[in-house]
Protein chains: 4
Amino acid sequence: MARLKDENKRALILEASKTLFSKQGFFNTSISDIVKATNLPVGSIYTYFPSKDEIMKVIVEEGWKDLYDRLLQTVSSQESDESKLKAIIEKFLPEILKDVDLINILLSEAIAFTKIEEKIEVLSTMIYELIRSISKSKPTINGFNKRFIETALMVFFLGILNAVRLSRASSIDIKEADIIKFLKISIENSMDIKI
Amino acid sequence: MARLKDENKRALILEASKTLFSKQGFFNTSISDIVKATNLPVGSIYTYFPSKDEIMKVIVEEGWKDLYDRLLQTVSSQESDESKLKAIIEKFLPEILKDVDLINILLSEAIAFTKIEEKIEVLSTMIYELIRSISKSKPTINGFNKRFIETALMVFFLGILNAVRLSRASSIDIKEADIIKFLKISIENSMDIKI
Amino acid sequence: MARLKDENKRALILEASKTLFSKQGFFNTSISDIVKATNLPVGSIYTYFPSKDEIMKVIVEEGWKDLYDRLLQTVSSQESDESKLKAIIEKFLPEILKDVDLINILLSEAIAFTKIEEKIEVLSTMIYELIRSISKSKPTINGFNKRFIETALMVFFLGILNAVRLSRASSIDIKEADIIKFLKISIENSMDIKI
Amino acid sequence: MARLKDENKRALILEASKTLFSKQGFFNTSISDIVKATNLPVGSIYTYFPSKDEIMKVIVEEGWKDLYDRLLQTVSSQESDESKLKAIIEKFLPEILKDVDLINILLSEAIAFTKIEEKIEVLSTMIYELIRSISKSKPTINGFNKRFIETALMVFFLGILNAVRLSRASSIDIKEADIIKFLKISIENSMDIKI
DNA sequence: AATGAATGAGTCTTCATTCAT
DNA sequence: TATGAATGAAGACTCATTCAT
């Protein structure tokens with residue numbers, strides 16, 4: 001009886017919106033743009049989402065959840081803390097760097113739509129615990145407190161994402177491999193470990 | 001006289017717009033907002049700038065020029081390459097971190113208004129040359145090519161600016177001192193020098 | 001059985017709509033509001049009524065019919081003309097004043113949906129005949145023609161209904177008893193009779 | 001320098017809106033209707049009024065003020081209380097009955113836009129004081145309290161306005177002269193005076 | 001018959017820019 | 001030159017009605 005809400009349409013709207021928001025920005029993207037991109041009537045956009053804002057919120061929330069789930073999966077697939085850290089750098093990071101649209105949105109407009117700091121805090125703490133656990137026997141890192149290490153992580157995290165983002169948006173030639181390599185060396189140096 | 005008065009109005013528009021663009025974003029700021037903030041008639045805005053876009057472009061261009069000039073000044077005020085690098089980190093960086101509005105604009109909306117990559121390329125190259133000169137006698141850095149070092153610089157630069165930006169926009173508690181300290185340690189480590 | 005169930009739904013829609021139309025006005029009430037109030041699916045509304053307009057029409061027509069039937073009943077339950085008039089004022093009027101929703105609709109939006117003048121003409125004529133019959137032996141009222149008396153009736157009728165309506169919609173404190181008393185005295189005075 | 005706001009345009013918008021709101025109702029009148037009726041561009045409507053609601057509010061407020069001012073003028077132009085009352089009935093009332101659009105709006109949609117009860121209270125009290133003053137020496141009216149007389153006034157006031165309103169909206173044939181005559185007789189009867 | 005997703009014309013309002021004064 | 005009213009395309013969103021299931 002009656003048609004059921006079509007999960008494909010919902011996904012289509014989210015996908016098209018994500019691309020548009022990433023390329024043009026949230027405010028520079030009109031519902032009419034989304035209509036053209038999806039080939040759906042205006043009304044249909046509103047049977048799946050109550051507002052343009054809500055589309056953005058869902059993109060951010062679901063995007064982040066997916067990202068975080070993949071991080072947990074990466075971590076839980078490894079035994080030792082060292083291999084966990086290695087997997088984060090060599091498997092998880094390259095994977096998320098592929099979704100430039102999500103990165104773009106997260107780094108630009110997301111602040112207005114979610115408490116991005118809470119999300120980053122979670123991620124930051126998780127990696128900090130890992131590092132602390134690894135470095136227990138190493139004297140190198142012991143001189144630094146939590147806040148300092150989290151600051152470092154934040155700079156790396158934001159630096160890497162923004163570098164990738166900028167390289168796609170402009171003609172700057174940054175290789176993902178170089179970024180990963182740089183991160184690896186930095187961590188190896190500062191923690192005196194070999195990944 | 002009348003000329004001076006004009007310059008004041010132009011500056012007033014730029015200043016108010018910079019604040020508004022930074023706080024609310026470009027698209028979310030109306031000419032009417034600028035009118036209210038400057039207490040100037042609408043028409044006057046258009047005698048100084050041909051369009052809203054142009055205001056943004058000028059903010060970015062002049063902001064960048066100012067930033068670059070200050071970098072040149074910092075560098076030229078020092079004798080040795082080591083002290084130049086030291087001054088960049090300890091004098092120039094803290095100084096530009098104060099202009100959060102400019103950083104905000106540069107990192108969010110600027111891409112749509114200027115070839116930001118060209119600007120960053122210039123900055124990156126300058127520091128690279130400095131580093132190469134310092135490290136001539138040091139074996140540590142020799143293994144890395146230009147592209148790799150520039151990638152590292154980019155990650156640091158974008159990471160630092162975005163961390164500061166995020167800490168202002170959200171409740172994340174990041175201390176500027178920690179950022180500077182982190183950068184210093186990283187460079188000392190990777191280049192085997194003492195700043 | 002199924003027939004009965006249908007009647008219930010029809011009545012439910014009419015009742016909910018009447019309340020909503022009275023409270024919010026016709027244009028300010030959406031089909032979706034009626035859906036929420038009845039807990040019925042949208043489609044069902046349209047199996048019982050061809051359009052939103054039609055719901056309004058039926059409310060007015062059935063409401064009026066009910067009102068007129070009750071008037072006939074009141075009148076036919078009395079023997080003499082004097083007691084008929086007395087019953088209209090003391091039984092019929094207080095009864096219809098209870099259905100404020102219907103009054104509201106009749107006085108505000110009904111004009112656009114039915115020929116309200118025909119309805120009022122019928123009512124007016126009926127009471128005029130009654131008055132004429134009573135006043136045959138009284139000289140007082142003989143000076144007035146039909147049109148004048150009907151005008152008076154109309155002013156009273158509309159005045160009373162609107163006063164009640166306004167007292168419910170605003171904070172004006174009007175007592176139904178005062179209204180009835182006022183009408184009674186006015187008629188007694190002008191017709192020189194005792195009700 | 002620059003054009004000044006045009007009082008004529010403001011008046012044109014108010015006039016056209018008043019007619020439309022009266023004929024079609026507020027919610028059934030679109031800004032686009034007002035645009036067509038005034039032959040003004042949409043934007044201009046909004047340079048004179050901040051919203052559709054505000055147009056309605058101004059119509060009600062200015063309409064009421066005008067009406068009240070004329071009442072004061074009528075009253076102050078007469079010496080004795082009797083002639084004041086006479087002037088209200090024979091001069092003021094016929095005059096306001098001409099503005100059927102205003103009456104229509106006041107009686108239908110105004111409730112949602114202003115505290116109509118406060119306005120009516122003012123008017124009612126003024127006439128009550130007049131009546132009380134006149135009837136000091138007459139025993140007839142002394143039996144009635146303030147609330148009762150105000151109820152009577154309300155019924156008359158609303159009855160008269162609505163009767164005129166209905167006679168314009170439908171084909172009911174009500175003569176203004178008959179209404180005035182009816183009111184006069186009623187007052188003469190109940191107060192035992194000759195107007 | 002029952003259901004509720006689908007539809008798109010229409011709603012109010014905004015706003016960058018122009019131009020009469 | 002200075003001013004701010006004039007302009008109308010474009011914005012987000014609504015909603016009565018239809019129709020596929």
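Throughout, protein chains are lettered first and strands after them, A, B, ... in sequence-line order, and every chain is numbered starting at 1.
The CG atom of B/D6 sits 9 Å away from the P atom of F/dT1 (whole-angstrom rounding). Atom-to-atom, CD of A/Q24 to C1' of F/dG11 comes out at 14 Å; the value is rounded to the nearest Å. We find that CD of A/E54 is positioned 13 Å from P of F/dT14, with the value rounded to whole Å. The interatomic distance linking A/I55 (CD1) with F/dC13 (P) rounds to 9 Å, in whole Å. Rounding to whole angstrom units, CG of residue B/D53 and P of E/dT17 are separated by 7 Å. Rounded to whole Å, the distance from CG on A/N28 to C1' on F/dA10 is 12 Å. One atom, CD1 of D/I13, and another, P of E/dT13, lie 13 Å apart when rounded to the nearest Å. Atom pair C/I45:CD1 and F/dT18:C1' shows a separation of 15 Å (rounding to whole Å applied).
In terms of position on DNA chain F, the residue among C/K52 and A/P50 whose nearest nucleotide sits closer to the 5' end is A/P50. Across the interface with DNA chain F, nearest-nucleotide mapping of A/S32 and C/F26 shows A/S32 to be the residue nearer the 5′ end. Residue order along DNA chain E, read from the 5' end via each residue's closest nucleotide, puts C/L40 first among D/Y46 and C/L40. Heavy-atom nearest nucleotides on DNA chain E were determined for C/V42 and for D/T29, and the one closer to the 5' end corresponds to C/V42.
Closest to the D/P41 side chain, of the nucleotides F/dT7, F/dT18, F/dG4, is F/dT7. Among the nucleotides F/dA9, E/dA5, F/dA12, the one closest to any side-chain atom of A/R3 is E/dA5. Among F/dG4, E/dA2, E/dT13, the nucleotide with an atom closest to any side-chain atom of C/T47 is E/dA2. In the set F/dG4, F/dT17, E/dA5, the nucleotide with an atom closest to the side chain of C/S51 is F/dT17.
Note on D/S44: a side-chain N or O is less than 4.0 Å away from OP1 or OP2 of F/dT7. Dashed line: the shortest gap from a side-chain N or O of D/Y48 to OP1 or OP2 of F/dA6 is under 4.0 Å. Under 4.0 angstrom from either OP1 or OP2 of F/dA6 there lies at least one side-chain N or O belonging to D/K9.
Remark: F/dT21 base-pairs with E/dA2; criterion is Watson-Crick or G-U wobble with both hydrogen-bond distances under 3.5 Å. In this entry E/dC12 has F/dG11 as its Watson-Crick or G-U wobble partner, both defining distances falling under 3.5 Å.
Within 4.0 Å (heavy atoms only), D/I31 reaches at least one base atom of the nucleic acid. Residue contacts for A/F27: at a heavy-atom cut-off of 4.0 Å it reaches no nucleic acid atom on any strand shown. As judged by a 4.0 angstrom heavy-atom cut-off over every strand, B/S30 is placed among residues touching the sugar-phosphate backbone only.
Of the possible polar contacts, none joining the D/S44 side chain to the D/L40 backbone as a donor-acceptor pair under 3.5 Å is found. Judged by distance alone, the side chain of A/Y48 and the main-chain N or O of A/D6 form a donor-acceptor pair under 3.5 Å.
Annotation: the span from D/S22 atom OG to D/L102 atom CG amounts to 9.0 Å, rounded to 0.5 Å.
Note on D/K65 versus D/D69: salt bridge recorded, some NZ/NE/NH1/NH2 to OD/OE distance being below 4.0 Å.
At most 12 non-hydrogen atoms from other residues, nucleotides or ligands lie less than 6.0 angstrom from CG of D/N39.
Both tests pass for D/K52 against the ring of D/F26: distance under 6.0 Å to the centre and angle within 45° of the axis.
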